[in-house]
Asker: 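Here it is, the structure, as structure tokens.
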Amino acid sequence: GESVGLHLPTLSVQEGDNSIINCAYSNSASDYFIWYKQESGKGPQFIIDIRSNMDKRQGQRVTVLLNKTVKHLSLQIAATQPGDSAVYFCAEAMNTGNQFYFGTGTSLTVIP
Amino acid sequence: KAGVTQTPRYLIKTRGQQVTLSCSPISGHRSVSWYQQTPGQGLQFLFEYFSETQRNKGNFPGRFSGRQFSNSRSEMNVSTLELGDSALYLCASSWGLAGGIEQFFGPGTRLTVL
């Protein structure tokens, strides 16, 4: 079946620095990707999504990059803040369906 | 617009019992997906319902079942509970159609099996 994996299980960054969280996916047929943020005791919160016809998408302080050639997805967070500390998940799906596959998550810790 | 709601937020059960969890999707959303989240396992897909029909199913035993009502609210049931069923159960809703599958999660139900 499809699998989505994260390269780094933990990441620590200084406040104000940029963060990059990586994700590899295995299903070349996946054409829709989402990044979620999950804080302790809460459900995952939608951050940003990207479709396979795009290479880059920007939101507020976040950018998602998609490299279909190597099946790689990344989330960049600019000027990381303490409130960004959380576990980040990437998820993939095919736009024709509604079954998502999630990675195991990367724990981001922001050091004040 | 209200978000996805789940009830109850916390449950404690003993082995062998059964449990029913409830999820109310965002208004207008017709798809509800259920996930199990355990430490170190990430989010594992249980099943997805769309317009009262199970459209997708993950690799969980038959003890895990669900249903969806005409108002899109969904329930999942776990029978003959095992210790390993202790987890955070999350539901997510979406429009459910191509071009509108962004999923939004509820806060989850924390199930503890003793």
Side-chain angles (χ1 to χ4, degrees), chain A residues 1-10 21 23-27 29-54 57 59 62 64 73 86-108, chain B residues 3-7 9-10 21 23-26 29-51 53-60 68 72 74 87-110:
Chain A
E2 297 85 350
S3 67
V4 178
L6 295 173
H7 292 307
L8 297 174
T10 61
I21 300 172
C23 174
Y25 64 95
S26 60
N27 185 3
S30 292
D31 52 15
Y32 180 66
F33 306 86
I34 301 180
W35 279 101
Y36 287 95
K37 171 187 179 183
Q38 187 174 25
E39 297 173 282
S40 180
K42 298 182 179 180
Q45 175 189 355
F46 179 97
I47 301 174
I48 191 168
D49 61 356
I50 189 168
R51 300 187 189 279
S52 60
N53 60 353
M54 302 173 69
R57 191 165 188 222
V62 295
V64 55
L73 195 67
V87 176
Y88 289 81
F89 295 93
C90 65
E92 63 173 315
M94 288 189 286
N95 198 38
T96 53
N98 210 43
Q99 185 167 353
F100 282 82
Y101 297 89
F102 287 79
T104 55
T106 291
S107 177
L108 174 65
Chain B
V4 179
T5 59
Q6 291 186 245
T7 57
R9 292 294 311 279
Y10 302 92
L21 313 180
C23 172
S24 293
I26 292 170
H29 284 188
R30 294 166 61 188
S31 169
V32 173
S33 296
W34 289 90
Y35 295 85
Q36 181 195 68
Q37 186 176 35
T38 55
Q41 296 297 315
L43 286 150
Q44 295 181 290
F45 175 76
L46 281 155
F47 30 65
E48 184 237 354
Y49 286 86
F50 179 80
S51 293
T53 300
Q54 188 181 84
R55 187 164 64 171
N56 291 295
K57 188 178 187 303
N59 297 320
F60 277 81
Q68 187 179 34
S72 294
S74 177
L88 181 66
Y89 290 88
L90 293 157
C91 82
S93 78
S94 74
W95 295 107
L97 300 172
I101 64 171
E102 297 89 337
Q103 289 193 344
F104 297 92
F105 282 84
T109 294
R110 173 72 63 184

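Note: hydrogens, waters and symmetry copies are ignored here, and every other heavy atom, side chains too, is used.
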Asker: To the nearest 0.5 Å, tell me how far Ser94(B) OG sits from Phe46(A) CZ.
Answerer: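 These two atoms lie 11.5 Å from each other.
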Asker: Counting heavy atoms not belonging to Asn53(A), are there more than 12 under 6.0 Å from its CG?
Answerer: yes
Asker: How close do Ile34(A) and Gln103(B) get, counting heavy atoms only, and between which atoms?
Answerer: CD1-N, 4.0 Å
Asker: Which distance, rounded to the nearest 0.5 Å, do you find between the CG of Leu43(B) and the OH of Tyr101(A)?
Answerer: 13.5 Å
Asker: For Gln45(A), enumerate each residue passing the side chain to side chain contact (heavy atoms under 4.5 Å, CB included) test, keeping only those at least two apart in sequence or located in another chain.
Answerer: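 For Gln45(A) the side chain to side chain contact (heavy atoms under 4.5 Å, CB included) partners, ignoring immediate neighbours, are Lys37(A), Glu39(A).
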Asker: Which answer fits Gln37(B), side chain, backbone, both or neither, if we ask what part of it has an atom under 4.5 Å from a heavy atom of chain A?
Answerer: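 For Gln37(B), the contact with chain A is made by the side chain alone.
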Asker: Could you tell me which portion of Arg9(B) (side chain, backbone, both or neither) has an atom closer than 4.5 angstrom to a non-hydrogen atom of chain A?
Answerer: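 Side chain of Arg9(B) only, per the 4.5 Å heavy-atom cut-off to chain A.
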Asker: For this output row, return yes or no: ring centroids of Phe102(A) and Phe45(B) closer than 6.0 angstrom.
Answerer: no
Asker: Where on Leu90(B) is there a heavy atom nearer than 4.5 Å to chain A: the side chain, the backbone, both, or neither?
Answerer: side chain
Asker: Just verifying a value: how many Å separate Phe89(A) CZ and Phe105(B) CZ, rounded to the nearest 0.5 Å?
Answerer: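 Output value for this atom pair is 9.0 Å.
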Asker: Considering residues, nucleotides and ligands other than Lys42(A), do more than 12 of their heavy atoms fall under 6.0 Å from its NZ?
Answerer: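 Result for NZ/Lys42(A): open.
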Asker: What distance do Leu88(B) atom CG and Gln38(A) atom CD have between them, rounded to the nearest 0.5 Å?
Answerer: 6.5 Å
